[in-house]
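The figures that follow rest on heavy atoms only: side chains count, while hydrogens, waters and symmetry mates do not. Lettering follows sequence order; numbering is per chain, from 1.
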Amino acid sequence: MKIHQMHDFHLKDESDFVQTQQSLKHKITLSHSITPNSINTCAGVDLAYWEQDGEPYGVCSIIVIDADTKEVIEKVHSMGKISVPYVSGFLAFRELPLIIEAAKKLEAEPDVFLFDGNGYLHYNHMGVATHAAFFLNKPTIGIAKTYLKIKGCDFVMPENEVGAYTDIIIDGEVYGRALRTRRDVKPIFLSCGNYIDLDSSYQITMSLINQESRLPIPVRLADLETHVLRTFYQKNHV
DNA sequence: GCGACAG
DNA sequence: ATCTTGTCGC
């Protein structure tokens, strides 16, 4: 699929990152309604890391599935050296190069992308899911497994029922949603990525849950795939 | 020095 | 994210 080139990632330091995030946050659009009925395909994105000769490497997997049958339609991946260290709040700058490289290989044009990380639920509303949308030009959804605390605000634990949730409201603004996708499991932290509203993100996410995981199917599949790919590349000493 | 910390 | 054994539950 075609990628909209926004900016490169040869940024110098964290102040560069912050400037990039703040220049993009005003372009976020969260008003589009895109329900499960209006999508045919959705993609899950995830990365895995390892070290080789003292250097960090990563692999990114994108899995596209049919929204109705849940069957895998396409899978692509990218692999390479990682040049940006992980710093909370700047995950996008670390992961986007490989994400973009993998997305370029997609033959399909998924209707929505689900990420393993936050979107709008972020210090600058610019988690990896939101940031990625400017390159993909497609609706994106953020799915985090642990809570990123912002401005000291905790989340309210949702009831132990499938689909139960509590909105994460900070300074009167809804940042995201603590969501119990299955009973007796920890909640996930859902937030808009971009070009989609929170209720649609919720509906799509819940429509992609099965008994295998608390994570939506495409994200879970991408997670599993990155582990397989990592084992392969480690063994073959790339 | 201590606590916090998406992946 | 990754490093790792056993263990509880369906």
Side-chain angles (χ1 to χ4, degrees), chain A residues 9 14 17-18 20-21 24-25 44-62 77-100 102 113-133 140-155 160 162 168 170 175-179 181-194 201 205 209-216 218-235:
Chain A
F9 291 89
E14 290 188 8
F17 290 161
V18 172
T20 300
Q21 290 181 341
L24 288 174
K25 61 194 283 188
V45 185
D46 195 17
L47 288 85
Y49 299 91
W50 72 94
E51 215 166 82
Q52 191 168 92
D53 303 324
E55 297 289 344
Y57 283 80
V59 59
C60 171
S61 169
I62 301 180
H77 77 272
S78 58
M79 186 277 289
K81 192 175 291 185
I82 301 298
S83 55
V84 178
Y86 170 70
V87 179
S88 180
F90 304 115
L91 177 65
F93 300 99
R94 173 175 167 84
E95 301 200 329
L96 273 177
L98 283 182
I99 292 172
I100 292 168
F113 285 78
L114 286 78
F115 287 80
D116 67 314
N118 290 310
Y120 200 73
L121 176 55
H122 176 276
Y123 311 115
N124 278 319
H125 293 323
M126 198 51 62
V128 61
T130 305
H131 199 151
T140 59
I141 296 173
I143 305 285
K145 296 183 290 298
T146 62
Y147 180 60
L148 174 62
K149 183 182 284 190
I150 295 168
K151 296 182 182 177
C153 293
D154 287 306
F155 70 94
N160 188 17
V162 172
I168 297 163
I170 301 169
Y175 274 55
R177 191 167 278 186
L179 168 61
T181 55
R182 293 176 51 201
R183 191 164 188 167
D184 300 324
V185 298
K186 294 182 296 183
I188 63 171
F189 301 90
L190 168 75
S191 60
C192 296
N194 211 336
S201 301
T205 299
I209 297 297
N210 63 15
Q211 292 296 347
E212 310 297 308
S213 172
R214 69 185 170 120
L215 299 175
V219 173
R220 176 58 176 156
L221 293 179
D223 179 37
L224 294 171
E225 181 71 4
T226 57
H227 288 37
V228 172
L229 291 167
R230 178 179 58 194
T231 300
F232 173 82
Y233 283 118
Q234 277 183 311
K235 188 178 70 175

For this session: Represent DNA chain B in dot-bracket notation, 5' to 3'. Only Watson-Crick or G-U wobble pairs with both distances under 3.5 Å count; pseudoknot-style crossings use [ ] and interstrand partners use |.
Result: .......
For this session: For DNA chain B, find the residues of residues 85-98 of chain A with a heavy-atom distance under 4.0 Å and give them by number; none if there aren't any.
Result: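 Within this stretch, A:Y86, A:S88, A:G89, A:F90, A:L91, A:R94 sit under 4.0 Å of the strand.
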Can you name the side-chain hydrogen bond (donor to acceptor under 3.5 Å, both in side chains) partners of [X], sequence neighbours left out?
| X | value |
| --- | --- |
| A:D184 | A:N160 |
| A:S88 | A:Y123 |
| A:H131 | A:H7 |

Exercise. From A:C60 SG over to A:H77 NE2, what is the distance, rounded to the nearest 0.5 angstrom?
Worked result: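 So the gap between those two atoms works out to 9.5 Å.
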Exercise. Between atom CZ of A:R214 and atom CZ of A:R182, what is the distance when rounded to the nearest 0.5 Å?
Worked result: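 A:R214 atom CZ to A:R182 atom CZ measures 10.5 Å (nearest 0.5 Å).
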Exercise. Taking only residues two or more places apart in sequence or in another chain, which ones pass salt bridge (charged side-chain N to carboxylate O under 4.0 Å, His left out) with A:R230?
Worked result: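 Counting only residues at least two positions away or on another chain, A:R230 forms no salt bridge (charged side-chain N to carboxylate O under 4.0 Å, His left out).
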Ignoring hydrogens and angles, tell me if any N or O in the side chain of [X] forms a donor-acceptor pair with the backbone of [Y] under 3.5 Å.
| X | Y | value |
| --- | --- | --- |
| A:E225 | A:D46 | no |
| A:N210 | A:E212 | yes |
| A:T130 | A:G193 | yes |

Exercise. Taking only residues two or more places apart in sequence, or in another chain, which ones meet A:F17 in a ring pair (Phe, Tyr, Trp, His ring centres under 6.0 Å)?
Worked result: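 With sequence neighbours excluded, A:F17 shows a ring pair (Phe, Tyr, Trp, His ring centres under 6.0 Å) to A:F90, A:F93, given in chain and number order.
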Exercise. Which nucleotide of DNA chain B is the first, and which the last, in the 5' to 3' direction, to come under 4.0 Å of a heavy atom belonging to chain A?
Worked result: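 From 5' to 3', the first and last contacting nucleotides are B:dC5 to B:dG7.
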For this session: Dot-bracket for DNA chain C, please, read 5' to 3', with Watson-Crick or G-U wobble pairs under 3.5 Å on both distances, ( ) within the strand, [ ] crossing, | other strand, . unpaired.
Result: ..........
Exercise. What do you reckon, are the aromatic ring centroids of A:Y49 and A:Y57 less than 6.0 Å apart?
Worked result: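 Ring centres of A:Y57 and A:Y49 not closer than 6.0 Å.
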Exercise. So do A:L179 and A:F189 actually touch side chain to side chain, heavy atoms under 4.5 Å?
Worked result: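 They are not in contact (no side-chain heavy atoms under 4.5 Å apart), so the answer is no.
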For this session: Could you encode protein contacts along nucleotides 5-10 of chain C as a string, one character per nucleotide from 5' to 3', using B for base contact, S for sugar-phosphate-only contact and - for no contact, with a heavy-atom cut-off of under 4.0 Å?
Result: ------
Exercise. Between A:Y233 and A:W50, what is the ring plane arrangement, given parallel below 30°, perpendicular above 60°, and tilted in between?
Worked result: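 Parallel, since the angle between the ring planes stays under 30°.
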Provide a list of protein-nucleic acid N or O atom pairs under 3.5 angstrom, restricted to nucleotides 1-3 of chain C.
unit_1 : atom_1 : unit_2 : atom_2 : d
C:dA1  : OP2    : A:K145 : NZ     : 2.8
C:dT2  : OP1    : A:Y49  : N      : 3.4
C:dT2  : OP1    : A:R230 : NH1    : 2.0
C:dT2  : O5'    : A:R230 : NH1    : 3.2

Considering only the [atom1] atoms, how many Å lie between [N] and [M], rounded to the nearest integer?
| N | M | atom1 | result |
| --- | --- | --- | --- |
| B:dC5 | C:dT2 | C1' | 15 Å |
| C:dT4 | B:dG3 | P | 27 Å |
| B:dG1 | C:dG6 | C1' | 36 Å |

For this session: Identify the residue among A:V59, A:V45, A:I62, A:I82 that makes a side chain to side chain contact (heavy atoms under 4.5 Å, CB included) with A:L98.
Result: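 Result: among A:V59, A:V45, A:I62, A:I82, A:I82 is the only option passing the side chain to side chain contact (heavy atoms under 4.5 Å, CB included) with A:L98.
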Closest non-hydrogen atom pair, [X] against [Y]:
| X | Y | answer |
| --- | --- | --- |
| A:P97 | A:A92 | CD-O, 4.3 Å |
| A:L121 | A:L148 | O-CD2, 3.9 Å |
| A:S191 | A:G119 | OG-N, 2.9 Å |

Problem set entry | Qualifying salt bridge (charged side-chain N to carboxylate O under 4.0 Å, His left out) pairs with a residue from residues 140-153 of chain A, counting only residues at least two apart or across chains |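 Of all non-adjacent pairs touching residues 140-153 of chain A, those that pass salt bridge (charged side-chain N to carboxylate O under 4.0 Å, His left out) are A:K149-A:D154, A:K151-A:D171.
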